[in-house]
There are 2 protein chains.
Amino acid sequence: MGRHREFDVEKALDAVLCVFWSKGYEGTSYTDLTEAAGVERPALYSAFGNKEALFAHALDRYYERYLNYIPDALHKPTSREVAAHMLYNAIDLNTRYPKHTGCFNITGLLAGSDDAEPVRQMLIDVRARGEALFRERLERAKAEGDLPATAKPDALAAYLMAVLHGMAVQAKAGFSRETLEAVAEQALATWPSSSTSVSAGSSQD
Amino acid sequence: MGRHREFDVEKALDAVLCVFWSKGYEGTSYTDLTEAAGVERPALYSAFGNKEALFAHALDRYYERYLNYIPDALHKPTSREVAAHMLYNAIDLNTRYPKHTGCFNITGLLAGSDDAEPVRQMLIDVRARGEALFRERLERAKAEGDLPATAKPDALAAYLMAVLHGMAVQAKAGFSRETLEAVAEQALATWPSSSTSVSAGSSQD
DNA sequence: CAGATTTCGTAATGACCGTTATTAAACCGC
DNA sequence: GCGGTTTAATAACGGTCATTACGAAATCTG
C-alpha cells in the first residue's frame, strides 16, 4: 500500500553513475546528482541512502554494466588473449563516452578529504579484488603451461593493471582511442609465452 | 619598510605541497593548509594569492624539488637507460613518504567539480609537457640509431607514461616499492633495441 | 468512501567552504 | 620617538555542502 514511486530507480542510478564517473565522489555535489537524475533530494535519499551509500550502489552498477567484460576476458583460453581482451575493452570503455572518460574506479581512488577516506578505501579494495582475479587466472595459465615456468603471475598481473590504470589517466587527459591502442600494442609486445620463440623487442612497425 | 614576515615562505609552501599531494586540490581545505603551514589564513593569501594560485606554486615546486630527476634521466646515453631511470626514480618518489604516496600531478588530475576544471587542465597540460620531452628524447634516440628505425617514439613515450601513471595509482593503493619494481622490470623487459637481438618474452625469472 | 501508508516537493538545518574587513602589532626612514 | 607601511590575528562574510522536518498528494486495504 501507499503511494507509488514516480521515477525509475534504475534510470536514476544510471544518471548518478555518470556524474560520479566524471567528477569523482567529492567532486560531485548532491545537487549535481538530483539534477542529473531528475529527482528531488529526499527521493534519492529514500531510494539509496546517503551520498556514500549511493556511491556504493553506483560502483556496484559500474562493475555489473560496464566492467562485465572482465569475466569474459578471464575465460579466454590463453593468458595473452586474456590480457588483450582486457586492454582493448578497457580502451573502448575509457573513450566511449566523451562526457565521462577514463575509469569510474580509478577516478575516485586518488584524491579526497579525510571525510572521504572510507570511499577511497572502498575503491582500493574493489580494485585489489579485480587484480587478484587476474593474478589467479595467470597462476592457472602458468600451471597449464600457457605461461613459462619462470613467469611471475603476481608481477605480471600488477604490470598489466598498471598499464590499464595508466590508460585510464591518459583517457582523462584526453588521449584518443588510437593512441591508447598503440599503448596496448606496446604492452602486449612483451607478453611472455612458453612455447613459441618470441622477438617482442622489434615487433612494432 | 614595514613589518617583517614572521614565517618562512619556503617552508610554508613545502607544507602546503605535502597536503595537496595527499588529498588533491579540492580534497584539501584552506584550514588543512593553514594548519599544516602553521600560518594564519590571511598570511597565506598575502604570500601566494588564493587557493588556485597557491596550488600552482605548489605544482611548480613539485617539479623543481621532486621531479628534478627527469632532466637527469633525459640526459642518459641510451633510451633504455632513460626509461629505467625514470621508472625507478618514480617508484622511489611514489613510495618514499607514507603520508603522501603516489604522484602530486596525477593525484589531482582525475576528479574534481566544475569549479576545479582550470586546475585539472593545468595538471593535464603539465603532464603533456613532460610526455613531450620524453617523446622528443626518443625521437633523438631513433635518429641516433639507439632505437630501431621501426620504433614509434610517440607510442613508446605514451606507453612508458602509462606505466608511470599506473604505478602512481598503485602506490596510492598501498603497493610496496618491491611490487612496483617488479612492474618496472616487466615494463623494461620489452624495451626495443636496435643492435642486440632480443628475447624479451622470456626474460623474467 | 475512510483510514493507513508511502512518496513528493518545499524549505530549512547546522557545518564547512574560500575569501576578506578590520584592528592591533612590528618594523623602517627620518 | 614619530609617521608611514607592512604583517599578524581575530572574526566575520555570503555561498554551498550533505542531510532532513514537514505538510500535501497519491495509492492501497477494508
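Note that this is a predicted model, so its numbers are computed, not measured.
You'll find the side chain of Asp146(B) stays beyond 4.5 Å of the side chain of Arg140(B), heavy atoms only. Within the 4.5 Å cutoff, the side chain of Leu164(A) has heavy atoms near those of the Met86(A) side chain. Residues Phe175(A) and Val169(A) are not in side-chain contact: their nearest non-hydrogen atoms beyond the backbone lie 4.5 Å or more apart.
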Dump the intermediate steps for side chain to side chain contact (heavy atoms under 4.5 Å, CB included) on Gln121(A) and Asp125(A), then the final yes or no.
CA-CA 6 Å; Gln121(A) 198 58 50; Asp125(A) 293 343; 3.4 Å; yes
Determine, stepwise, if the pair Leu180(B) / Leu87(B) fulfils side chain to side chain contact (heavy atoms under 4.5 Å, CB included).
CA-CA 9 Å; Leu180(B) 292 181; Leu87(B) 282 169; over 6 Å; no
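Close approach of DNA chain D to chain A, defined as any atom under 4.0 Å from a non-hydrogen atom of the protein, starts and stops at dC17(D) to dC28(D).
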Name each donor-acceptor pair under 3.5 Å that joins a side chain in residues 33-43 of chain A to protein atoms two or more places apart or in another chain, with its distance.
unit_1	atom_1	unit_2	atom_2	d
Thr34(A)	OG1	Tyr30(A)	O	3.3
Thr34(A)	OG1	Thr31(A)	O	3.0
Arg41(A)	NH1	Thr31(A)	OG1	3.1

What donor-acceptor contacts under 3.5 angstrom involve side-chain atoms of residues 14-21 of chain B, with partners at least two apart or in another chain?
unit_1	atom_1	unit_2	atom_2	d
Asp14(B)	OD1	Arg61(B)	NE	2.4
Asp14(B)	OD1	Arg61(B)	NH2	3.4
Asp14(B)	OD2	Arg61(B)	NH2	3.4
Trp21(B)	NE1	Gly102(B)	O	3.0

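For the atom pair CG (Leu110(B)) and NE2 (His165(A)), the distance works out to 11.5 Å, reported to the nearest 0.5 Å. Taking CG from Leu54(B) and OH from Tyr25(B), the interatomic distance works out to 9.0 Å, rounded to the nearest 0.5 Å. With values rounded to the nearest 0.5 angstrom, Met167(A) atom CE is found 13.0 Å from Thr101(A) atom OG1. For the atom pair CD of Glu139(A) and CZ of Arg135(A), the computed distance is 5.5 Å after rounding to the nearest 0.5 Å. The CG atom of Asn105(A) sits 9.5 Å away from the CD1 atom of Ile124(A) when rounded to the nearest 0.5 Å.
Residues from residues 7-19 of chain B placing a heavy atom under 4.0 Å of any atom in DNA chain D, listed by number, are Phe7(B). Interface residues of residues 22-31 of chain B facing DNA chain C, ordered by number: Thr28(B), Ser29(B), Tyr30(B), Thr31(B); criterion, heavy-atom separation under 4.0 Å.
Using a 4.0 Å cut-off, some side-chain N or O of His4(B) falls inside it from OP1 or OP2 of dC28(C). Side-chain N/O atoms of Asn50(B) include none lying less than 4.0 angstrom from OP1 or OP2 on dG18(C).
Checked against the 6.0 Å centroid threshold, Phe104(A) and Phe55(A) count as a close aromatic pair.
Helix-axis bend for the helix from dC1(C)-dG30(D) to dC30(C)-dG1(D): the local axis fitted to the five terminal pairs at one end deviates from that at the other end by 10°, rounded to 10°.
For the pair Leu33(B) CG and dC17(C) P, the interatomic distance rounds to 10 Å; values are reported in whole Å. With rounding to whole Å, Leu54(B) atom CG is found 13 Å from dT19(C) atom C1'. Note: CD (Glu35(B)) to P (dC16(C)) measures 12 Å, nearest angstrom. Summarising the geometry, the separation between CZ on Phe48(B) and C1' on dT19(C) is reported as 17 Å, rounded to the nearest angstrom. Between the P atom of dG9(C) and the CG atom of Leu44(A) lies a distance of 12 Å, rounded to the nearest Å.
Closest to the side chain of Arg3(B), out of dT10(C), dC8(C), dA24(C), is dA24(C).
For a distance-only test at 3.5 Å, the side chain of Arg41(B) qualifies as a donor-acceptor partner of the base of dG18(C).
Using a 3.5 Å distance cut-off with no hydrogens or angles, the side chains of Ser113(A) and Glu26(A) do pair a donor with an acceptor.
Mapping Arg5(B) and Pro42(B) onto DNA chain D by nearest heavy atom places Arg5(B) closer to the 5' end of the strand.
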